[in-house]
Protein chains: 2
Amino acid sequence: MTELEKGPTGRRRGRGARERILSASQQLFREQGINRTGMDQLCAAAEVSKRTAYQHFTGKDELVAEYLRRFDPSVLSGVLDRTDLTPRERLLAAFDIPPTTPLCPYIGAAVELHDPQHPASQYARDYKKAVAARLADTAREAGAADPEQLGEQLALLLDGAAARTRVVNADAFPTAAAIAAVLIDNAIPATAGDDQRQEKAAN
Amino acid sequence: MTELEKGPTGRRRGRGARERILSASQQLFREQGINRTGMDQLCAAAEVSKRTAYQHFTGKDELVAEYLRRFDPSVLSGVLDRTDLTPRERLLAAFDIPPTTPLCPYIGAAVELHDPQHPASQYARDYKKAVAARLADTAREAGAADPEQLGEQLALLLDGAAARTRVVNADAFPTAAAIAAVLIDNAIPATAGDDQRQEKAAN
DNA sequence: TGTTATGTACACCGCCCTGTGTGCTTACGG
DNA sequence: CCGTAAGCACACAGGGCGGTGTACATAACA
C-alpha cells in the first residue's frame, strides 16, 4: 500500500499525501499510542511535510478522529457478514482474532484521550454500540431468546479480552471465546440450532 | 483528608508531604489520566513544592508506580475476604461496584504508559494476575470444577466491564454480573452448594 | 540550644509538543 | 504551454513538560 496512488476520485493532483498520513497513523498510533506519537514523527513516517499534514487536517484531534473511522469495514463486520457460516459460528468467529492485533484502538483512544467530548471518543462510543447492535442482530438470526442482551454480553467479552490482553500481556481471547460459547448455548433455545448442539461444558 | 498528620510511624519530622502527593495522585490521575496530569499541577494540588516531590520520588515514573500500589487493600480484597457471605456470594459481590469508580486504574495505566517494561505496567500485570488468583481461590472454595478457569473468566469479565464502562460511558457491570452468575452456576457441580442452588437460566 | 532532616519558594534548563509563515517545486489539466 | 492547486523544506513561535539549583524556613530531636 501507500504506493502513491493519486486517489480514486481523480481529484488531488499531487501524490496522495492524505492517504499516506492516515496509513502512517494506523501503524504508529497502534504501535506507540496516540499521545506518544508526535506529528513530526508521523509526518516523517508518512513522507509528508508537516505543512501538508496541517492542510489536510485542522489539527491532531481531527486526524485522530479520522484515523478511528478507518477500521469500520475491516475488523468485525467482515466476520459477521460471512455467509458460509451459521449465525452461531459467526458469533464465535468474532473471537478468533489473529494474535497480531495489539489492542482495540477504540478502547485505546478513549483511555488515552480521556475526554468523552473528544470527537474520537464520541466515535469510539458510537462504534462500540454499533458492534453490540450487530452482534445482537446475528444473535437474533441465531435464534437467541434475548438477542440484545446476548449482543451486549458478547461485546463486553470482546472488550474484556482486548483490555486484559493488553494489561496482562497474554492472549485472553480464547478465554473470552469459551465464555461466549457458554453464553450462546445458554441463550439459544434447544430447538433453534441444527448442527451446533454440543453440551455446555465445552471447556 | 490531607490534614497534615505527620505519619503513623513517627519517622519523617516535617508535615507529611509524601502522603499529600500520593493522595493528590489518586485524585488527579483518575480524573485526568496520567499523561495529562503534569507535575506542576499535581504539586499544586498536593500543596507541595515541586522540589519536595522530587526528593520523595526520583521521577514521575516512580510516583506512578507507587500510586498504583495504593489500591491493593481497598478495592477487591475487601469483598473477597468477607466472611458473612458464601463463596459464591463473594464472587458475585465483586461485580457490585459503586457507580462512582470511573475506571480500573491498572488498565488506564497500562494503556496510557504504553510500555510493558514500565514499573507501573509490570505492577498492573502482577496485580491483575493476583486478582485472578484470588478469584480462583474463592472459586475453589465455592467448589468450582475448574477454579483457575473460573477465576480467569471472572477476571476477564471485570476488566471487560471496566473498559466498556469507560468507552461506552455507561455502567457495564450489571451485564458482567449477569454473565458471572451464569458462569458460576455452570462451573459449580450440582452437589457443591448448600443454599446457592438456582437453575442456570438466571437471566 | 543547635544540628539535621524535611519542606518551601522561585527561577531556570532543555526537550518535545502542536501548530504557522514563507517561499519554492512539482504535477496535472486545460 | 501555462496556470494553478497540491505538496515540500525549513525555520520558528509558544507552551507544557519533566527535572534541577539555589537559598531559605521550619520542625523534631539531641
Side-chain angles (χ1 to χ4, degrees), chain A residues 2-25 28-29 32-67 109 112-115 118-120, chain B residues 2-25 28-29 32-67 109 112-115 118-120:
Chain A
T2 331
E3 203 56 7
L4 57 87
E5 25 167 42
K6 61 194 160 192
T9 65
R11 271 182 68 260
R12 191 182 305 108
R13 322 218 185 140
R15 281 94 105 231
R18 186 185 179 92
E19 303 306 315
R20 267 178 291 153
I21 295 169
L22 286 169
S23 180
S25 304
L28 290 179
F29 286 163
Q32 310 178 337
I34 296 171
N35 290 330
R36 300 187 116 70
T37 300
M39 291 297 284
D40 283 319
Q41 182 193 8
L42 196 144
C43 291
E47 288 174 313
V48 155
S49 81
K50 211 158 53 150
R51 204 66 192 81
T52 301
Y54 279 99
Q55 275 159 0
H56 280 286
F57 305 95
T58 67
K60 193 183 183 183
D61 288 347
E62 186 183 312
L63 172 58
V64 171
E66 188 63 27
Y67 141 79
E112 281 204 78
L113 302 176
H114 219 277
D115 173 18
H118 192 290
Chain B
T2 328
E3 203 55 6
L4 58 88
E5 26 167 43
K6 61 193 159 189
T9 65
R11 271 183 70 259
R12 190 183 307 107
R13 323 219 183 139
R15 281 91 109 235
R18 187 184 179 93
E19 303 305 316
R20 267 177 292 155
I21 295 170
L22 287 169
S23 179
S25 304
L28 291 179
F29 286 162
Q32 309 179 336
I34 296 172
N35 290 330
R36 299 186 116 70
T37 300
M39 290 298 284
D40 283 321
Q41 182 193 8
L42 197 144
C43 291
E47 290 175 311
V48 156
S49 82
K50 211 157 61 149
R51 205 67 191 81
T52 301
Y54 279 98
Q55 276 159 358
H56 280 286
F57 305 95
T58 66
K60 194 183 182 183
D61 288 345
E62 187 183 311
L63 171 59
V64 171
E66 187 63 26
Y67 141 78
E112 281 204 79
L113 302 176
H114 220 278
D115 173 19
H118 191 290

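Chain letters run A, B, ... following the sequence lines, proteins first and then strands; every chain starts at 1.
Rounded to whole Å, the distance from OH on Tyr54(B) to C1' on dA9(C) is 17 Å. Here the P atom of nucleotide dT26(C) and the CD atom of Glu47(A) are 16 Å apart, to the nearest Å. One interatomic measurement links the two molecules: CD of Glu62(A) to P of dT18(C), which rounds to 15 Å at whole-angstrom precision. A straight line from CE of Met39(A) to P of dT20(C) spans 10 Å, rounded to a whole angstrom. dC17(D) atom P lies 16 Å from atom CG of Asp61(B), rounded to whole Å. Atom pair Leu42(A):CG and dC17(C):P shows a separation of 11 Å (rounding to whole Å applied). Between the NE2 atom of His118(A) and the C1' atom of dT18(C) there is a distance of 13 Å, given to the nearest Å. For the pair Arg36(A) CZ and dC15(C) P, the computed distance is 19 Å after rounding to whole Å.
Considering all non-hydrogen atoms of both residues, Leu28(B) and Thr37(B) come closest at O-OG1, 3.5 Å.
Summary of the strand contacts: Gln55(B) and Ile34(A) both lie near DNA chain C, and taking for each the nucleotide with the nearest heavy atom, the more 5' one is attributed to Gln55(B).
Dashed line: the shortest gap from a side-chain N or O of His56(B) to OP1 or OP2 of dT6(C) is not under 4.0 Å. An OP1 or OP2 oxygen of dC8(D) is reached within less than 4.0 angstrom by a side-chain nitrogen or oxygen of Thr52(A).
To the nearest 0.5 angstrom, Glu62(B) atom CD is 10.5 Å from His118(B) atom NE2. Here the NZ-OG1 distance, from Lys50(B) to Thr52(B), works out to 12.0 Å after rounding to the nearest 0.5 Å. The CD atom of Glu112(B) sits 8.5 Å away from the CZ atom of Arg36(A) when rounded to the nearest 0.5 Å. Atom-to-atom distance recorded for His56(B):NE2 and Arg20(B):CZ is 9.0 Å, nearest 0.5 angstrom.
Within the nucleic acid shown, Gln41(A) has no heavy atom closer than 4.0 Å to any nucleic acid atom. Using a 4.0 Å heavy-atom cutoff across all strands shown, Thr58(A) reaches no nucleic acid atom at all.
Each of dG19(C), dG7(D), dG19(D) was ranked by its minimum atom distance to the side chain of Lys50(A); first place goes to dG19(C).
The base of dG21(C) lies close enough to the side chain of Arg51(A) for a donor and an acceptor atom to sit less than 3.5 Å apart.
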